[in-house]
Amino acid sequence: MADPASGGGLRAFAQVHAIAFSKPAELPFSPDRALSGQIGGKRTAALVISGDGTRREDRIAVVAGPKGPIASSELRASPAGLSATDIDRYATDLIASLGSKPPASS
């Protein structure tokens, strides 16, 4: 499986604030970074991250469409720091938790 943080087809998403303040998607936090593309070879989505995993309030989420669905989790780094493998694991687990839920319609 391709690692999304190290060239697995995700690209930086310039409109982080468009996701962060998107009322329809109801993202539960304000992200610092966003990537978009195919996650885990399963579906196209945005991977949004707040923090670096060193604080309790740091979060990571997968947003499967402008209006959701969303799967999010606390983001925790090891003492060595957050690795690309960690991001890949979070992304894969979160996209799997969405199952086959289609993007929310208008």
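Residue indices begin at 1 and follow the sequence shown. For clarity, every value in this text was computed on a predicted model and none was experimentally measured.
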Do [X] and [Y] touch side chain to side chain, with heavy atoms closer than 4.5 Å?
{"X": "Ile49", "Y": "Pro31", "value": "no"}
{"X": "Phe29", "Y": "Leu27", "value": "yes"}
{"X": "Leu82", "Y": "Asp58", "value": "no"}
{"X": "Ile39", "Y": "Leu47", "value": "yes"}

With sequence neighbours left out, what residues match Asp93 under side chain to side chain contact (heavy atoms under 4.5 Å, CB included)?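 Asp93: side chain to side chain contact (heavy atoms under 4.5 Å, CB included) contacts with Arg89.
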Ser72: side chain to side chain donor-acceptor pair (under 3.5 Å) partners, not counting sequence neighbours: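 Listed in chain order: Arg59.
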Measure the spacing between CZ of Arg56 and CG of Leu75 and express it to the nearest 0.5 Å.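 Those atoms lie 14.0 Å apart.
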List the atom of Ile70, the atom of Ala61, and the distance in Å for their closest heavy-atom pair. CG2-CB, 4.2 Å
Identify the two heavy atoms, one from Ala45 and one from Ala64, that lie closest to each other, and give their separation to 0.1 Å.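 The answer is CB-CA, 4.0 Å.
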So, Asp32 side chain and Gly51 main chain: donor-acceptor pair closer than 3.5 Å or not?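 It does hold such a pair.
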Donor-acceptor contact below 3.5 Å, side chain Asp86 vs main chain Ser83: yes
Got a sec, which residues hit salt bridge (charged side-chain N to carboxylate O under 4.0 Å, His left out) with Arg76, two or more places apart in sequence or on another chain? Glu74
May I have the step-by-step check of side chain to side chain contact (heavy atoms under 4.5 Å, CB included) for Val48 and Ile60, ending in yes or no? CA-CA 6 Å; Val48 292; Ile60 187 168; over 6 Å; no
